[in-house]
Number of protein chains: 2
Amino acid sequence: MPNSSPPMPTPAELELLRVLWERGPSTVREVQTAVGADTTGYTTILKQLQLMLEKGLVSRDESQRAHVYEARVDASITQRQLVDDLVERAFGGATDKLVLRALSSERVTADELRAIRDLLDALDDED
Amino acid sequence: MPNSSPPMPTPAELELLRVLWERGPSTVREVQTAVGADTTGYTTILKQLQLMLEKGLVSRDESQRAHVYEARVDASITQRQLVDDLVERAFGGATDKLVLRALSSERVTADELRAIRDLLDALDDED
DNA sequence: ACAAACATACGAAAAGTTTCGTATGTGCAA
DNA sequence: TTGCACATACGAAACTTTTCGTATGTTTGT
């Protein structure tokens, strides 16, 4: 009886999820290599993934000696969860405030702005 | 010698900052009332504000018996700091991805979309 | 067969965050 | 003046998150 939907990932967990999203199913060793083998010990990654397994954030295939871990939560859903959380905590629920803040921050390229405008247009057409 | 710029606020600290941003300079009691006197003990708020003082997130006026705390960091700067942090951790630095994710989330009203479009136009005119 | 390399499990230290209890001081009203 | 309401200071408990050490088992190359 899986209790409910998995909890929001912690920062360290998010980093590992991002590896799994990008690489697909991976062994502990592969994940460690991806995050930089010198920055974090092997057993640290292992333990982290084991915790994530308990939380339902990942699943694993134990058919091989080196277990293969796979993300159990969507990138899109998790990202929205994180964004919504920040919107709530920092902007009192006003999504547009967050967007405005993000856009007025530097390092948004012209291409990115165009992508956003396209989405706005698409949203308009929906109604 | 203030070391450098204040660190990013933790979630609990952010909640208190939001009260100070909205109310302006406030006593511990006032802050506690604002966050809901029943949810968090008085000394908890007090201690939190004392820690925030050490971190440079707030300043205080001790001329009265009940010290008056004031935010030392801008809402806009702090919010951008938090957004940038999330962009980095969850979207690999791609600000537009975060924006797209935020916008495709429900609960963005037509008014909010208009505000965003206006900003896009303003950004265009800048160059 | 045996040592070296590599894998998991798991307890627990280390570090960070949040909450509160207790000691203590000060102003004020009966 | 005496006691009550209310304030700060501060240590430390309670949690959460992150990191690692150690025990132990399995595979592989010589």
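Heavy-atom basis, side chains included; hydrogens, waters and symmetry copies ignored. Each chain gets a letter, A, B and so on, in the order its sequence line appears, and its residues count up from 1. Source: prediction; values computed, not measured.
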Provide, to the nearest angstrom, the distance between the [atom1] atom belonging to [X] and the [atom2] atom belonging to [N].
| X | N | atom1 | atom2 | answer |
| --- | --- | --- | --- | --- |
| A:E13 | D:dT17 | CD | C1' | 8 Å |
| B:L53 | D:dA7 | CG | C1' | 16 Å |
| B:L51 | D:dG11 | CG | C1' | 12 Å |
| B:E30 | D:dC6 | CD | P | 14 Å |
| A:E54 | C:dG11 | CD | P | 11 Å |
| B:Q50 | D:dA9 | CD | P | 5 Å |

Considering every strand and a 4.0 Å limit on heavy-atom distances, what is the contact class for B:T10: base, sugar-phosphate, or nothing?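 If one applies the 4.0 Å heavy-atom cut-off, B:T10 turns out to touch the sugar-phosphate alone, with no base involved.
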Residue-phosphate contact under 4.0 Å: B:Y42 side-chain N/O, D:dT8 OP1/OP2: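 Checking B:Y42 against D:dT8: at least one side-chain N or O falls below 4.0 Å of OP1 or OP2.
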Would you say A:T43 reaches D:dC20's phosphate, i.e. side-chain N/O to OP1/OP2 under 4.0 Å?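 For A:T43, the contact criterion (side-chain N or O under 4.0 Å from OP1 or OP2 of D:dC20) is not met.
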If you check the B:R65 side chain, which of C:dC20, D:dG25, C:dG27 turns out closest?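 Among C:dC20, D:dG25, C:dG27, the one nearest the side chain of B:R65 is C:dG27.
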Residues A:R117 and B:D121 bridged, charged N to O under 4.0 Å: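 Yes.
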Ion pair present between A:E112 and B:K97, side-chain N to carboxylate O less than 4.0 angstrom?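 Looking at A:E112 and B:K97, the cut-off is not met.
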Are the side chain of A:R18 and the backbone N or O of B:R89 linked by a donor-acceptor pair below 3.5 Å?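 Yes, A:R18 side chain to B:R89 backbone: donor-acceptor pair under 3.5 Å.
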For B:K47 and B:R29, find the nucleotide of DNA chain D closest to each by heavy atoms; which residue's nucleotide sits nearer the 5' end?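 Residue closer to the 5' terminus by nearest nucleotide: B:R29.
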If only side-chain N and O atoms count, and only distance matters, is there a donor-acceptor pair under 3.5 Å linking B:S63 with B:D61?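 Yes.
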